[in-house]
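Please read all numbers here as calculations on a predicted model, not as lab measurements. By convention here, the first residue in the shown sequence is residue 1.
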Amino acid sequence: ALMLWRSLDVSLQDLSNAASSEEFQRAYAGMEGLRAEARSMRNGFYISIALLAAMVLGTVAVLHRHILSPISLAAQELRQIRFGSPAKALPPVRIRELQQLLDLVPSLRGYLKDLAARSGALEQEKNKYENLSLVDALTGVPNRRSFDARLAQSACCASVGMLMIDVDLFKNYNDSLGHLAGDKCLVAVARAMQATLYRHDDTLFRYGGEEFAVLLPNATEKAARAVAERIQRNVRALALPHPASSVAPVLTVSIGVALRTPDDKVDDTELITHADKALYRAKSSGRDRVCLYRPEDGPTARL
């Protein structure tokens, strides 16, 4: 039994060695296959790079030989003739190249002229649409987008006055006389207000609906109030009948005035809020009047 056991153990060990040797051979063969594929891919990559470089060099050589070199030689010959050097006897090929270049000049000049005209037209169209995007289509004054941009630029001013203007009971005007009459009314009001701005930097904006705004760079409180009172008088002077108004028989406006000075730590949003609060007080206290912003003014509420 012991001898049988030893014989069996030897047989098992021989079988294990044979199996291990076979697995090693299979793994080695697989690694060799992978190594061969990697070499093949690397060689293919090198060949592709070489072909691409050869194509680029060939293209450059062709361009230089048939385009750049003839133009360069022709330019040298023309330069020598221009500066008084004796003209060399040009070969027929060079003469044909010069003739072809000269034939291209008129068409090239016409093409460049047409291109310049198209570029100018496109620039005009671009400026036209940019201007349209900053102007209110109905009244012709700058719109809310332009107001936001101008207010941001006013940070460099020593002081900024702002007027918020509301056409009194405009909804009633529309309801009683119609929207067409309402549009004509807004156009007339915008023109009347525009006529009160004497300085070049003072600007009227259509803020939205029946509401307008005015920015007065480097203005004092007294000057801002004076502009607001002129606007109020000019709009009243239009004498536009307002049969649905409980304020006056003619169209009127309410105006809120706010001012930002260098000592105030007030940003653009707060300045708009101050002017809006002053406008609310003007509307809530009877309309058809001018009110200056005061710190005790409460929160706004649209009337």
Side-chain angles (χ1 to χ4, degrees), residues 8-135 143-146 148-150 152-153 155-156 268:
L8 182 61
D9 185 49
V10 170
S11 299
L12 289 174
Q13 187 172 0
D14 292 341
L15 287 173
S16 176
N17 292 337
S20 298
S21 177
E22 186 175 356
E23 286 295 327
F24 176 76
Q25 290 177 357
R26 288 179 181 176
Y28 182 78
M31 290 179 65
E32 284 295 325
L34 290 174
R35 199 174 286 117
E37 289 183 6
R39 282 196 301 269
S40 176
M41 292 177 65
R42 187 168 58 249
N43 293 336
F45 176 75
Y46 290 152
I47 292 172
S48 300
I49 292 295
L51 289 175
L52 181 61
M55 290 175 62
V56 171
L57 292 175
T59 303
V60 171
V62 170
L63 289 174
H64 185 270
R65 172 67 180 84
H66 295 283
I67 299 176
L68 299 179
S69 181
I71 292 176
S72 176
L73 292 174
Q76 291 177 8
E77 297 293 341
L78 290 175
R79 193 179 299 112
Q80 290 179 2
I81 295 171
R82 179 184 176 187
F83 289 106
S85 299
K88 298 179 181 178
L90 297 176
V93 174
R94 197 69 63 236
I95 294 175
R96 285 197 300 270
E97 291 169 351
L98 287 173
Q99 186 61 48
Q100 290 172 358
L101 288 174
L102 293 174
D103 292 341
L104 287 174
V105 170
S107 59
L108 183 60
R109 185 185 296 113
Y111 173 77
L112 292 176
K113 185 177 180 181
D114 182 58
L115 184 62
R118 291 184 182 181
S119 299
L122 288 175
E123 188 67 24
Q124 290 178 357
E125 287 293 321
K126 175 187 172 185
N127 295 335
K128 176 183 175 182
Y129 285 114
E130 284 181 352
N131 293 333
L132 287 175
S133 69
L134 296 175
V135 175
N143 59 16
R144 174 66 181 275
R145 181 182 175 189
S146 180
D148 293 336
R150 188 72 61 84
Q153 295 171 1
C156 60
D268 295 344

Please name the pair of heavy atoms, one in Ser146 and one in Leu134, separated by the smallest distance, quoted to 0.1 Å.
CB-O, 3.5 Å
Set of residues satisfying side-chain contact (heavy atoms from CB on, under 4.5 Å) with respect to Asp148, sequence neighbours excluded
Arg144
Taking all non-hydrogen atoms of both residues into account, name the closest pair between Asn143 and Val135 and its distance.
ND2-N, 3.5 Å
Can you give each donor-acceptor pair under 3.5 Å made by side-chain atoms of residues 37-44, sequence neighbours left out, with the distance rounded to 0.1 Å?
unit_1	atom_1	unit_2	atom_2	d
Asn43	ND2	Arg39	O	3.1

So CG of Leu57 and CG of Leu52: to nearest 0.5 Å the spacing works out to 9.5 Å
